[in-house]
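Just so it is clear: chains get the letters A, B, ... in the order the sequence lines come, proteins before strands, and each one is counted from 1.
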There are 2 protein chains.
Amino acid sequence: MKLGESTECVLHAVTALAQLGGEAASAGQLAEHYGVPAAYLAKQLQSLVRAGVLTATTGPRGGFRLAMPPERITLLHIVEAVDGALPFYKCNEIRQNGRGGIPSEQCLAPCGLAVRMAAAEAAWRASLAGETVADILASLPEGIPERTRALLARER
Amino acid sequence: MKLGESTECVLHAVTALAQLGGEAASAGQLAEHYGVPAAYLAKQLQSLVRAGVLTATTGPRGGFRLAMPPERITLLHIVEAVDGALPFYKCNEIRQNGRGGIPSEQCLAPCGLAVRMAAAEAAWRASLAGETVADILASLPEGIPERTRALLARER
DNA sequence: GGCGTTATACTCGGATACCACGTGTCCGAGTACCCCCGG
DNA sequence: CCGGGGGTACTCGGACACGTGGTATCCGAGTATAACGCC
């Protein structure tokens with residue numbers, strides 16, 4: 001029960017892109033910015049493109065940029081894009097299997113365990129869906145966005 | 001980001017044990033009761049013993065039994081025992097690494113991303129900690145506890 | 001000087017090895033029970 | 001008939017293969033740019 005190691009990289013990468021205000025940055029730039037393998041970061045950012053959180057453009061001066069304003073991108077969007085949106089708990093209805101299997105006519109109500117596990121998972125998702133990238137930007141230390149822009153901006 | 005397949009088996013196994021009211025059942029019995037591999041279930045139940053949720057006795061008429069009354073066993077106890085209690089999200093402080101690393105004197109406040117991820121995880125844990133095995137028993141269909149006792153009880 | 005063409009360098013995108021965790025299985029150590037024997 | 005001892009069968013507990021998902025990496029397809037030559 002843990003998120004992939006790459007989730008942290010991607011969260012920070014999106015934060016950096018948000019500081020650029022719609023400008024693009026290449027995977028190589030972002031990787032160098034955080035000291036992570038470039039090819040690996042690129043692979044993860046692709047899943048964000050598929051999820052519609054980022055857009056990608058090829059060629060010189062290309063790269064990744066936000067597909068939505070930061071206020072509309074929630075942490076849940078990013079986490080689900082990178083780590084998958086499958087439910088944590090999969091109910092296989094084993095209550096109906098084996099020697100003690102409950103006859104299906106008594107299983108009209110969903111399995112109580114599955115209901116509780118789903119509720120906990122919903123609480124997690126709701127918490128992540130309540131925080132946006134804009135909230136993260138607002139909590140950065142003073143002067144960091146300007147510094148990020150200076151480091152990542154590409155002079156024409 | 002998903003729980004192990006075995007979590008479901010273990011949750012149901014504990015539910016079955018709770019229906020026995022402190023009586024013991026062997027791993028083999030429980031496995032047959034749910035149609036799952038016996039050796040595998042036994043392996044998982046061991047981690048519950050280590051976590052103090054169950055007690056185990058060897059020898060004939062031995063097996064596993066609850067170490068606490070069902071009202072005191074929460075779903076979080078079980079899930080953490082089986083799946084580990086590690087945090088989902090591990091903050092490696094990559095904000096301090098690489099070319100854009102933030103100097104440590106500006107990192108007195110914890111990383112905002114880590115704070116949000118931890119909050120979501122806390123919501124998940126709180127939801128699971130609010131549900132006990134006794135709640136699960138109360139939501140079972142009519143007559144199931146009696147049936148489980150009849151199937152799992154071992155005549156002296 | 002302005003425009004079209006060409007060459008270039010840079011970007012993403014998917015396909016490919018490597019490794020760790022979880023799944024599934026097995027056999028050995030220990031113990032409570034049951035049977036048998038002796039008193 | 002009662003008590004003790006030994007054998008037995010049953011239980012958990014940890015050690016051992018196997019497979020899948022994630023990590024890390026590479027090279028190829030495509031494009032905007034920039035330079036160059038021509039008009």
Contacts of A:Y89 meeting ring pair (Phe, Tyr, Trp, His ring centres under 6.0 Å) (sequence neighbours excluded), chain-then-number -> none
Using a cutoff of under 3.5 Å, can you pull out all pairs of nitrogen or oxygen atoms linking the protein to nucleotides 11-13 of chain C, with atom names and distances?
from	atom 1	to	atom 2	distance (Å)
C:dT11	O4'	A:G59	O	3.1
C:dC12	OP1	A:A27	N	3.2
C:dG13	N7	A:Q46	NE2	3.2

Across all chains, not counting sequence neighbours, the side-chain contact (heavy atoms from CB on, under 4.5 Å) partners of A:E131 are A:L75, A:D135, B:R116
N/O donor to acceptor pairs below 3.5 angstrom from side-chain atoms of residues 93-106 of chain B, sequence neighbours left out:
from	atom 1	to	atom 2	distance (Å)
B:E93	OE1	B:R95	NE	2.8
B:E93	OE1	B:R95	NH2	3.4
B:E93	OE1	B:Q96	NE2	3.0
B:R95	NH1	B:A109	O	3.3
B:R95	NH2	B:A109	O	3.0

In whole angstroms, the gap separating P of D:dT23 from CE of B:M1 amounts to 13 Å
In short, B:A25 meets B:L20 closest at the heavy-atom pair CB-CD1, 3.8 Å
Rounded to whole Å, the CG-P distance (A:L86 to D:dT20) equals 17 Å
note: B:E32, atom CD; D:dC10, atom P; distance rounded to Å ~ 14 Å
side-chain contact (heavy atoms from CB on, under 4.5 Å) filter on B:A120, not counting sequence neighbours, yields A:W124, A:S127, A:L128
The ring pair (Phe, Tyr, Trp, His ring centres under 6.0 Å) partners of B:Y40 (sequence neighbours excluded) come to none
Computed from five pairs at either end and rounded to 10 degrees, the angle between the axes of the helix from C:dG1-D:dC39 to C:dG39-D:dC1 is 10°
Which pairs, protein N/O on one side and nucleotides 23-26 of chain C N/O on the other, fall under 3.5 Å?
from	atom 1	to	atom 2	distance (Å)
C:dT23	OP1	B:E5	N	2.5
C:dT23	OP2	B:Y40	OH	3.2
C:dT23	O5'	B:Y40	OH	3.2

Contacts of B:E32 meeting salt bridge (charged side-chain N to carboxylate O under 4.0 Å, His left out) (sequence neighbours excluded), chain-then-number -> none
Contacts of B:V115 meeting side-chain contact (heavy atoms from CB on, under 4.5 Å) (sequence neighbours excluded), chain-then-number -> B:P110
For B:E5, the salt bridge (charged side-chain N to carboxylate O under 4.0 Å, His left out) test, sequence neighbours excluded, returns none
Residue set satisfying side-chain contact (heavy atoms from CB on, under 4.5 Å) with A:T55, at least two apart, ordered chain then number -> A:R65, A:A67
